[in-house]
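Every chain is numbered from 1 and lettered A, B, ... according to where its sequence line falls, protein lines coming before strand lines. Values below: all heavy atoms of this structure, side chains included; hydrogens, waters and symmetry mates excluded.
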Amino acid sequence: MSTKPNSFQTPIGTSDLLPLGSARWQATLQLFDEVSTRSGFGYLSTPIFEDIGVFSRVGEGTDVVRKEMYEFLDKSDRRLALRPEGTAAVCRAFVQHHPVTPWKVYYHGPFFRYEAPQAGRYRQFHQLGIETLGSDDPDADVEVMALAWEMFQKMGLKQVELSLNSMGDGDTRLQYAEALTEYLNQHRDAIDEEDREKISDHPMRVLDSKRRATRKVTDEAPKISDFLSASAIAHFDRVQDGLTALDIPYKVEPRLVRGLDYYTHTTFEFQSKALSAAQNTICGGGRYNGLVEELGGPVTPGIGFGMGIERLLLACDAEEVFPAPKSSLDVWVIDVAGGSHARDITYELRSHGINADRSFDSRSMRSQMRSANRSGAPIALIIGEDEVAAGNVALRSMLDNGVEQILIPRDQIAVEVLRSLGSRS
RNA sequence: GUGAUCGUAGCUCAGUUGGUUAGAGCGCCUGUCUGUGGCACAGGAGGUCGGGGGUUCAAUUCCCCUCGGUCACCCCA
């Protein structure tokens with residue numbers, strides 16, 4: 001928050017994830033791991049930086065690679081970039097390793113974009129993602145969207161909406177862009193000044209402008225659905241059939257074009273209605289049938305999504321669906337007879353797979369009990385001079401009104417603790 | 001990259017129309033409690049009022065710069 005003369009803080013747009021908050025993060029990753037694995041996706045980890053060409057080849061017209069990339073030269077003058085998105089690197093890996101198809105992978109990790117930060121938008125952010133390469137089957141599209149949907153369901157999010165569109169195949173995008181450009185130019189004067197300059201560069205980007213004047217013009221603009229080929233329409237229909245069959249609600253949104261240029265056929269976005277911020281898209285994705293070829297590989301269709309973890313958790317906050325994580329500790333060891341007993345017992349418990357911690361610095365009994373209470377551990381083991389002399393340990397329940405306390409033999413600690421833990425669950 | 005707004009203890013915030021030792025709640029530490037937590041009570045630690053510079057007899061309060069957060073544009077996760 002501040003910069004005192006001799007101190008440092010995280011760079012702008014980045015942050016530390018502290019232990020108290022990291023529990024939900026890990027829980028989210030774990031859920032994603034389970035859900036992906038169950039659907040046959042395998043974990044893929046690619047470098048955080050790549051040859052800059054991996055990204056620039058793929059999105060030369062997009063802001064993401066044109067002005068938001070962290071790029072640098074290494075000591076051998078290689079041009080590298082911190083990855084701004086996930087799909088291009090997955091395709092690069094596909095081209096490099098020639099896996100059998102369909103190749104179904106999932107990934108998660110940090111991504112980097114040089115933008116002005118605000119809530120839900122950071123310079124280092126984190127995404128979960130999956131990709132299926134090598135299949136053109138509409139069911140592959142459905143599977144990808146269904147997996148995102150499953151995440152939201154399992155996390156308890158209710159206010160998430162799926163928007164869907166088709167960008168068609170082959171030349172559809174170009175033909176549509178041409179028709180749209182012509183239409184927009186005809187109505188140039190009616191379009192908001194800010195949006196006018198986009199017409200020649202990114203005609204499709206004008207579609208998702210929120211400005212009222214522009215909106216009026218785009219309401220009447222030609223729709224991409226009128227340009228779709230018969231096979232593209234068939235594909236789109238089957239995708240919708242699949243979503244319906246799986247009871248996944250969606251709405252077709254003809255304006256949905258998304259920021260990355262490589263999409264063909266299906267494009268989709270999940271938005272949280274609970275987030276009032278401008279950054280309310282928590283997951284976005286689509287089909288990219290030309291990407292692998294673009295990176296030097298064989299003609300290979302692909303479909304996938306990226307989901308922003310920070311935004312996902314922001315949505316959880318907004319819907320208040322994240323229960324406070326329970327303590328992961330089983331036992332707190334209290335030693336008022338020097339401390340060496342706590343040391344020995346703690347390691348003994350840990351070797352039996354019991355989560356155990358203790359107080360340091362020979363604090364008072366009272367202080368150690370407070371630590372035990374704060375830790376949330378259900379059991380406290382207490383060793384004082386009496387126990388040492390008698391060769392036993394006091395096992396005390398720390399739950400609610402628990403005042404039960406029994407003496408157990410020093411050499412039976414692990415067994416007794418496991419028995420006590422077992423009788424609670 | 002553009003515009004706006006905010007920045008006081010670990011956290012949430014009060015306060016000073018410039019003027020003696022800057023406050024509260026929560027949290028933390030210690031004690032009341034015969035070695036035994038959660039409750040209550042008492043005490044305590046912790047702030048160069050984001051940082052730097054300027055104006056002034058005097059600045060946390062005014063001015064400039066800077067760093068960071070937030071919001072909108074933009075962009076998208």
Side-chain angles (χ1 to χ4, degrees), chain A residues 1-15 18 20 59 62-68 84-87 108-129 148 192-195 197-198 202 205 208-211 256-260 269-272 275-285 305-315 332 334-337 359 361 363-388 394-405:
Chain A
M1 186 189 288
S2 65
T3 312
K4 298 229 158 95
N6 270 307
S7 68
F8 299 98
Q9 63 193 95
T10 52
I12 182 170
T14 67
S15 58
L18 272 18
L20 254 27
T62 67
D63 284 4
V64 169
V65 320
R66 271 205 314 201
K67 37 186 206 192
E68 296 172 4
E85 59 108 22
T87 304
H108 50 74
F111 293 87
F112 307 85
R113 255 120 96 158
Y114 193 87
E115 291 189 274
Q118 64 188 68
R121 194 172 73 186
Y122 314 98
R123 289 191 171 179
Q124 177 177 339
F125 59 102
H126 301 261
Q127 279 188 192
L128 313 168
D192 190 289
E193 204 172 342
E194 291 279 313
D195 291 321
E197 52 195 71
K198 290 191 211 160
H202 297 294
R205 204 63 55 71
D208 50 23
S209 168
K210 295 164 203 154
R211 288 174 234 276
L256 180 66
V257 292
R258 304 201 37 75
L260 297 162
E269 253 180 35
F270 288 89
Q271 297 189 326
S272 169
L275 292 177
S276 57
Q279 323 296 336
N280 65 350
T281 298
I282 56 182
C283 176
F305 71 67
M307 188 181 296
I309 302 180
E310 288 87 351
R311 290 187 187 177
L312 187 61
L313 295 181
L314 244 27
W332 192 273
I334 292 166
D335 181 348
V336 283
S359 303
D361 301 316
R363 288 175 177 272
S364 69
M365 176 93 186
R366 177 184 186 71
S367 170
Q368 293 190 50
M369 281 299 288
R370 279 181 175 155
S371 297
N373 184 56
R374 186 165 37 214
S375 79
I379 293 173
L381 289 180
I382 303 166
I383 307 97
E385 300 297 348
D386 294 352
E387 285 78 8
V388 172
L395 187 158
R396 182 182 176 85
S397 168
M398 297 299 285
L399 299 176
D400 320 300
N401 302 318
V403 285
E404 317 147 35
Q405 186 165 319

> Is the shortest side-chain N/O distance from Arg113(A) to OP1 or OP2 of G1(B) below 4.0 Å?
no
> Counting side-chain heavy atoms from CB outward, which of G35(B), A77(B), U70(B) is closest to Arg311(A)?
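Nearest to the side-chain atoms of Arg311(A), counting from C-beta on, is A77(B).
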> Let me spell it out: for each of Glu310(A) and Pro117(A), pick the nucleotide of RNA chain B with the closest heavy atom. Which residue's pick is nearer the 5' end?
Pro117(A)
> Using a cut-off of strictly less than 4.0 Å, decide whether Ser367(A) has a side-chain nitrogen or oxygen near OP1 or OP2 of C29(B).
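The answer is no; no side-chain N or O of Ser367(A) sits under 4.0 Å from OP1 or OP2.
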> Ignoring hydrogens, what is the shortest heavy-atom contact between Ser364(A) and Val336(A)? Give both atom names and the distance.
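Distance-wise, the nearest heavy atoms are C-CG1, 4.4 Å.
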> If you measure from CZ on Phe112(A) to CZ on Arg123(A), what distance do you get to the nearest 0.5 Å?
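If we round to the nearest 0.5 Å, Phe112(A):CZ and Arg123(A):CZ are 13.0 Å apart.
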> Please enumerate all protein N or O atoms sitting under 3.5 Å from an N or O of nucleotides 32-34 of chain B, with distances to 0.1 Å.
| residue | atom | partner | partner atom | Å |
| --- | --- | --- | --- | --- |
| U32(B) | O4 | Arg366(A) | NH2 | 2.3 |

> For C67(B) and Gln9(A) - does any side-chain N or O of the residue sit under 4.0 Å from the phosphate oxygens OP1/OP2?
no
> Which part of the nucleic acid, if any, lies within reach of Glu387(A) when heavy atoms closer than 4.0 Å are counted: base, sugar-phosphate only, or nothing?
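Since a base atom lies under 4.0 Å of Glu387(A), the category is base.
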> Is a donor-acceptor pair below 3.5 Å formed from side chain Gln368(A) to base U36(B), judging by atom type as modelled?
no
> For the side chain of Arg121(A), counting heavy atoms from C-beta on, which of C75(B), G37(B), G69(B) is nearest?
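Closest of the options to the side chain of Arg121(A): C75(B).
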> Hey, does Ala337(A) reach any base, or is it just sugar-phosphate, or nothing, if we go heavy atoms under 4.0 Å?
nothing
> Check whether the aromatic ring of Phe111(A) stacks on the base of A77(B), taking stacking as ring centres less than 5.5 Å apart and planes within 30° of each other.
no
> Of Ile383(A) and Ile309(A), whose nearest nucleotide on RNA chain B comes first from the 5' end?
Ile383(A)
> How far, in whole Å, is C49(B) from G7(B) if one measures between their P atoms?
14 Å
